[in-house]
Amino acid sequence: MSFMSSQEELQAWLRLTLEPGVGPVTARQLLAVFGLPDQVFAASVGQLMKYLPQKLAVQLAAEPEPDLQALINKTFEWLARPGHYILTLADPLYPKALFDTHDPPVLLYVDGRPEVLAMPAIVMVGARNATLGGSDNARAFAKYLAGQGWCVVSGLAHGIDTAAHEGALEAPAGTGSTIAVMGTGINRLYPAANKNLALRIREQGALVSELPLDTPAVVHQFPRRNRIVAGLSKGVLVVEAAKQSGSLITARLAGEMGREVFAIPGSIHSPLSRGCHALIRQGAKLVETAMDIQEELAGTPGSKLNAGMGGAMKADAVPDHADGFVPGPEQLRLLERMGFEPFSLDDLVNDLRIGVSEAGSQLLTLELAAYIVRLNDGRYQRVR
């Protein structure tokens with residue numbers, strides 16, 4: 001459904017965004033001149049030609065082409081299903097944060113709970129091929145921030161996006177939520193492996209897209225998607241990113257919109273830390289805990305910043321499945337020497353000058369307690 005438009009008005013909104021040759025910029029220019037979309041299509045060719053080429057003016061003054069009308073009809077069929085909404089620039093639930101951007105979408109397709117678009121939002125983005133530690137950080141930060149009343153926004157991609165959505169969904173019921181902004185049509189889930197995650201998001205948050213139904217995943221659409229991600233937020237947190245990561249586009253857009261940009265530092269040897277380090281050199285705020293973000297965004301309407309925030313999640317926060325295990329002195333010594341880079345059994349034996357059997361026993365204990373993981377190449381990596 002749409003909250004303020006009749007079917008005829010909504011048909012005009014849809015047609016304005018679906019007409020070939022009418023991009024977002026042209027659509028907003030026409031709205032600025034004529035008012036609502038139905039007034040655009042009621043205008044004469046002569047009136048339209050003051051602002052458009054003759055061919056396009058004739059096209060808009062005529063009835064919609066059959067293929068276009070078929071897509072509009074299909075959209076109304078989609079809209080009739082429970083939980084499906086279209087928010088236009090004239091709808092009261094259209095997110096106010098997007099009005100502050102220079103390029104707000106003319107309309108948004110929403111699958112889920114549209115009211116979450118009004119919540120204070122923090123964006124979390126990062127590498128698709130994230131490390132285990134990076135994913136753990138994203139999940140822990142998102143869970144904590146959602147528990148403090150934030151809506152965690154990301155892009156439903158593999159890696160950091162997935163972990164951020166999952167962490168937000170783990171927050172206590174009735175606190176924050178999560179929004180997945182899609183670079184495809186709202187009915188074309190990408191990546192397909194995140195189908196179950198998307199179903200959970202639509203129940204507790206919302207899936208959002210500005211693209212027409214059936215739009216497939218095409219590379220050039222994702223930077224446009226990123227401007228919506230950035231525009232919805234009070235701030236953007238980059239968890240892990242390579243030097244040429246698309247996450248840096250989101251961070252740049254957020255900075256241009258006056259949003260805060262945060263980055264988690266990492267190892268100087270990790271390629272997935274270089275994007276974050278570059279952002280920090282350019283003025284992004286280095287963060288080690290979720291409380292660092294809360295302090296920077298203090299006073300944000302809707303946040304629980306002043307409601308007692310003891311125990312903020314650290315970047316190396318202990319997962320919920322610790323089962324009460326506390327490493328002993330020797331295990332703590334091993335963990336300290338490991339750092340967070342992958343290492344082999346031989347590396348550890350040579351560095352600490354201990355026997356292979358002793359090192360193997362300690363590693364097994366730490367692996368069972370989820371402090372380290374064994375990688376596919378046989379090496380180990382600390383994740384807590």
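One-based numbering along the sequence shown.
Linking ILVMFWY side-chain heavy atoms closer than 4.5 Å, directly or via other members, places Leu334 and Val356 in a single hydrophobic cluster. Follow the hydrophobic side-chain contacts under 4.5 Å out from Leu16 and you reach Ile72 in the same cluster. Criterion: ILVMFWY side-chain heavy atoms under 4.5 Å apart, direct or through other members. Under it, Leu79 and Val106 are part of a common hydrophobic cluster. Residues Ile268 and Ile280 do not share a hydrophobic cluster, clusters being chains of Ile/Leu/Val/Met/Phe/Trp/Tyr side chains in contact below 4.5 Å. Linking ILVMFWY residues whenever their side-chain heavy atoms come closer than 4.5 Å, directly or via other members, places Leu31 and Leu14 in the same cluster.
In this view, Ser233 satisfies the side-chain hydrogen bond (donor to acceptor under 3.5 Å, both in side chains) rule with no residue, not counting sequence neighbours.
Side chain of Ser247 to backbone of Val238: no donor-acceptor contact under 3.5 angstrom is found. Checked by atom type and distance alone, the side chain of Ser270 never pairs as donor or acceptor with a backbone atom of Ser267 at under 3.5 Å. Judged by distance alone, with hydrogens and angles left aside, the side-chain atoms of Gln331 form a donor-acceptor pair with the main-chain N or O of Gly328 at under 3.5 Å. The backbone N or O of Thr289 sits less than 3.5 Å from a side-chain atom of Asp292, completing a donor-acceptor pair. No donor-acceptor distance shorter than 3.5 angstrom exists from the side chain of Ser154 to the backbone of Leu156, with no hydrogens or angles considered. Judged by distance alone, with hydrogens and angles left aside, the side-chain atoms of Arg28 form a donor-acceptor pair with the main-chain N or O of Pro104 at under 3.5 Å. Proximity of a side-chain donor or acceptor of Arg188 to a complementary backbone N or O of Thr215 within less than 3.5 Å is not detected. Between the side chain of Arg113 and the backbone N or O of Glu203 there is no donor-acceptor pair closer than 3.5 Å. Counting only distance, with no hydrogens or angles, the side chain of Gln362 and the backbone of Ala359 share no donor-acceptor pair below 3.5 Å.
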Can you list the steps and then say if Leu10 with Phe76 is a side chain to side chain contact (heavy atoms under 4.5 Å, CB included)? CA-CA 9 Å; Leu10 186 54; Phe76 275 108; 3.9 Å; yes
Steps toward side chain to side chain contact (heavy atoms under 4.5 Å, CB included) verdict (Ile201, Leu207): CA-CA 7 Å; Ile201 292 172; Leu207 306 171; 3.9 Å; yes
So Asn73 and Glu77, side chain to side chain donor-acceptor pair (under 3.5 Å) or not? Walk me through it. CA-CA 6 Å; Asn73 293 343; Glu77 292 173 5; over 6 Å; no
Start with the C-alpha gap between Gln69 and Gln11, add the side-chain angles, then the distance that decides, and say whether side chain to side chain donor-acceptor pair (under 3.5 Å) holds. CA-CA 9 Å; Gln69 187 60 55; Gln11 163 138 339; 3.1 Å; yes
Dump the intermediate steps for side chain to side chain contact (heavy atoms under 4.5 Å, CB included) on Arg224 and Asp103, then the final yes or no. CA-CA 10 Å; Arg224 284 191 57 79; Asp103 188 19; 3.6 Å; yes
For Asp136 and Arg139: C-alpha separation, side-chain torsions, deciding distance, then whether side chain to side chain contact (heavy atoms under 4.5 Å, CB included) applies. CA-CA 5 Å; Asp136 279 350; Arg139 194 172 289 108; 3.5 Å; yes
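Of the charged side-chain nitrogens involved, none lies within less than 4.0 Å of a carboxylate oxygen, so that Asp347 and Arg379 do not count as a salt-bridged pair. Here Arg128 does not pair with Asp161 in a salt bridge; the nearest charged N to carboxylate O distance is not below 4.0 Å. Comment: Arg227 engages Glu210 in a salt bridge, judged by a side-chain N to carboxylate O separation of less than 4.0 angstrom. A salt bridge between Glu166 and Arg200 is absent, with no side-chain N of the basic residue lying under 4.0 Å from a carboxylate O of the acidic one.
Taking CG from Leu297 and CD from Gln148, the interatomic distance works out to 12.5 Å, rounded to the nearest 0.5 Å. Distance check: Leu189 CG to Leu199 CG gives 7.5 Å after rounding to the nearest 0.5 Å. The CG atom of Leu272 lies 8.5 Å from the CD1 atom of Ile160; values are rounded to the nearest 0.5 Å. Taken to the nearest 0.5 Å, the CG atom of Asp38 stands 9.0 Å off from the CH2 atom of Trp13. Taking OG1 from Thr178 and CH2 from Trp150, the interatomic distance works out to 14.0 Å, rounded to the nearest 0.5 Å. Rounded to the nearest 0.5 angstrom, Ile228 CD1 and Met182 CE are separated by 11.5 Å.
When every heavy atom of Lys243 is checked against every heavy atom of Leu248, the shortest pair comes out as O-CD1, 3.2 Å. Leu60 approaches Leu48 most closely through the heavy-atom pair CB-CD1, 3.9 Å. Minimum interatomic distance between Asp111 and His84 (heavy atoms only, all atoms of both residues): OD1-CD2, 3.3 Å. Of all non-hydrogen atoms in Thr75 and Leu213, the two that sit nearest each other are CA-CD1, 3.6 Å. Heavy-atom minimum distance, Pro114 versus Val110: CA-CG1, 4.1 Å. The two residues Ala163 and Ala138 come nearest to each other via the heavy atoms CB-CB, 3.9 Å.
At a threshold of 4.5 Å between non-hydrogen side-chain atoms, the residues Leu89 and Phe99 count as touching. With a 4.5 Å cut-off on side-chain heavy atoms, Cys276 and Pro265 do not count as touching. Leu108 has its side chain within reach of Leu98: a pair of non-hydrogen atoms, C-beta onward, lies under 4.5 Å apart. Looking only at side-chain heavy atoms (C-beta outward), Pro37 and Glu9 stay at 4.5 Å or farther from each other. By the 4.5 Å heavy-atom criterion applied to side chains, Glu296 and Lys285 are counted as neighbours. The closest side-chain heavy-atom distance from Ile122 to Lys234 is not below 4.5 Å. Two residues are said to be in side-chain contact when any heavy atoms from C-beta on lie closer than 4.5 Å; Leu197 and Leu169 meet this criterion. Between Leu335 and Tyr371, the closest side-chain pair of non-hydrogen atoms falls below 4.5 Å.
Crowding of Glu256 atom CD: a count of heavy atoms from other residues, nucleotides or ligands under 6.0 Å exceeding 12.
Aromatic ring centroids of Phe34 and Phe41 lie 6.0 Å or more apart. In this structure, the ring of Tyr85 has its center no less than 6.0 angstrom from the ring center of Tyr109.
Using modelled atom types and a 3.5 Å distance limit, the side chains of Gln59 and Glu19 yield a donor-acceptor pair. No hydrogens or angles considered: a donor-acceptor pair under 3.5 Å links the side chains of Thr131 and Glu240.
Taking the six-membered ring where tryptophan is involved, the planes of Phe343 and Tyr380 are essentially parallel, since the angle between them stays under 30° and well short of 60°.
When Leu93, Leu107, Val208 are each tested for a side-chain contact (heavy atoms from CB on, under 4.5 Å) with Leu87, only one passes: Leu93.
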